[in-house]
Protein chains: 2
Amino acid sequence: MINETEIVLDKTDLHILRLMQDNARISNADLARELGMAPSGILERVKKLEQKNVIQQYTTRINPNALQQKMLAFIFMKASDGPGSDQTTLELAKIPEVQEVHHIAGDDCYLIKVRTYDSSTLMHLMRNHFSKIPHILNTRTTIVLETVKEQQQLVIPEK
Amino acid sequence: MINETEIVLDKTDLHILRLMQDNARISNADLARELGMAPSGILERVKKLEQKNVIQQYTTRINPNALQQKMLAFIFMKASDGPGSDQTTLELAKIPEVQEVHHIAGDDCYLIKVRTYDSSTLMHLMRNHFSKIPHILNTRTTIVLETVKEQQQLVIPEK
DNA sequence: GCTGAAAGCACCACATA
DNA sequence: TATGTGGTGCTTTCAGC
C-alpha cells in the first residue's frame, strides 16, 4: 500500500483535480486546452492520479427524489466491541443503503448515514439487518426533514 | 420547475443510471454496447436525464487524504429562526468546507457536515463564520476518528 | 515528464423509418 | 422514439527529446 503522506501534487495536478471534480465527463482535449498542454501529457497525469488513488472514482450524482428515495437518516450506534474492531463496521458497510460509516469520538461509537425509500423501508432495514449484527448495543436515529446542500466536493487549493 | 413526482424512468433509464453512477466517464458507445442499443438513442436519453435534473452532476471522488484534509466533523445546531427559515441554511451552504446542510427532526434544527485540514482550521471556521451567522443558538460537534465507508451511490432498482 | 504525429474511434447532427 | 450515416474532432499510443 502506498503511503499517502508521500503523495506530492503540483499546481497542474491540482488544476486537473479541480476541473474533474466539477465535471468528471470533461474531455481530455478540453482539459489540455484549459491547462495549455498537450492532451497526451494530461492523459498521463490523470492515469497516475488514478493509480495513486488520488482519484477514487468518477461518479454521477443522481437526484434521490427521481428514484423516490425520500428518507435520509443519520444513526448513532453504541457497540460493545469498541471502535478498534472492524467486524461491526464491515457488516454495516456491506449494506448498500448505508452510504457512510464513521467511527466517532465520544460516547457513541459509530455514525452511519442511510438512505431509503421511506420510513418503513428504514424500519425494515433496522429490524432485519442492523439488529442481526452482533455487538450493537443501541441506536439513536436522526431523521432528515429537508436537505439544503449535499455534495462531496473538496476545497482544492491553488497550490 | 419540473414536478419531480411526475418523472417516469423505464428499465433502460435505470440501467443507464446504474452504469453512470459507477463510472461517470463511460463512453456513450460503451453504454450503447451494454444496453444493446444504438449510441444516438442512448445519447438522447442521457441528455433528457440531465435536463430533467435526474442526473445532477458528474463528479470525481478525490481522496481527502491526498489533500491532507484529515478533519471531518458533524455539527448539530440549534437556531432561533426554526427550520422554516432559509436564511441560516443558505449562509451555511455558501461555505465551501460545509459539504452538507440538513434540516432535522427533533430538538436540534440543523445537521451539517464539514471537512477541513485539521482541528484548528475547523475551529477557525466555527469562530469566524458560524458564529457570525445570526440565529445560531448553540452547536454540538461530533468529530470523526476514522471513515470506513463514504459514498453517495444510490440503490437503483432493476425496474 | 512533456510533445507531436498518426490511426482508430467516438461524438453528434441529421435524415429516415 | 430508435436507427444509420458521415464529417469532425477526440483518444491514445509511441517515438523523440
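Worth saying up front: this structure is predicted, and the values here are computed from it rather than measured. In what follows, every chain begins at residue 1, and chains take the letters A, B, ... in the order their sequences are listed. In what follows, every heavy atom counts, from backbone to side chain, and hydrogens, waters and symmetry copies are set aside.
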Seminar exercise, completed: Here the ring-ring contact (aromatic ring centres under 6.0 Å, His included) pairs for residues 35-75 of chain A, sequence neighbours left out, are A/F74-B/F74, A/F74-B/H102
Exercise. Residues in ring pair (Phe, Tyr, Trp, His ring centres under 6.0 Å) with B/F130, at least two apart?
Worked result: none
For this session: Quickly work out the A/M37 CE to C/dG1 C1' distance and round it to whole Å.
Result: 8 Å
For this session: Determine to 10° how strongly the helix from C/dG1-D/dC17 to C/dA17-D/dT1 is bent, judged from the axes of its five-pair ends.
Result: 30°
Problem set entry | Listed partners of B/F76 passing ring pair (Phe, Tyr, Trp, His ring centres under 6.0 Å), at least two apart | A/F76
For this session: Kindly write out the residues that satisfy side chain to side chain donor-acceptor pair (under 3.5 Å) with B/N138, not counting sequence neighbours, or none if the list is empty.
Result: none
Per-pair distances, 0.1 Å, donor-acceptor, side chain in residues 152-159 of chain A, under 3.5 Å, sequence neighbours excluded:
residue : atom : partner : partner atom : Å
A/Q153  : OE1  : B/T59   : OG1          : 3.0
A/Q153  : NE2  : A/D22   : OD1          : 3.0

For this session: For B/H15 and B/L35, work out which heavy atoms get closest and say how close.
Result: ND1-CD2, 2.9 Å
Problem set entry | Partner residues of B/E97 under the side chain to side chain donor-acceptor pair (under 3.5 Å) criterion, sequence neighbours left out | none
Problem set entry | Residue pairs fulfilling ring-ring contact (aromatic ring centres under 6.0 Å, His included) with at least one residue in residues 137-159 of chain B, sequence neighbours excluded | none
Side-chain donor-acceptor pairs under 3.5 Å in residues 36-49 of chain A, sequence neighbours left out?
residue : atom : partner : partner atom : Å
A/R45   : NH1  : A/D10   : OD1          : 3.0
A/R45   : NH1  : A/D10   : OD2          : 3.3
A/R45   : NH1  : A/D13   : OD1          : 2.8
A/R45   : NH1  : A/D13   : OD2          : 3.4
A/R45   : NH2  : A/D10   : OD2          : 3.0

For this session: Enumerate the residue pairs fulfilling salt bridge (Lys or Arg N to Asp or Glu O under 4.0 Å) with a member in residues 117-140 of chain B, sequence neighbours excluded, ordered by first and then second residue.
Result: B/D108-B/R140
For this session: At under 4.0 Å between heavy atoms, which parts of nucleotides 11-17 of chain C does protein reach? Answer with one letter per nucleotide, 5' to 3': B base, S sugar-phosphate only, - none.
Result: SSS----
Problem set entry | Span of DNA chain D, from the first to the last nucleotide whose atoms fall under 4.0 Å of chain A heavy atoms | D/dC10 to D/dT13
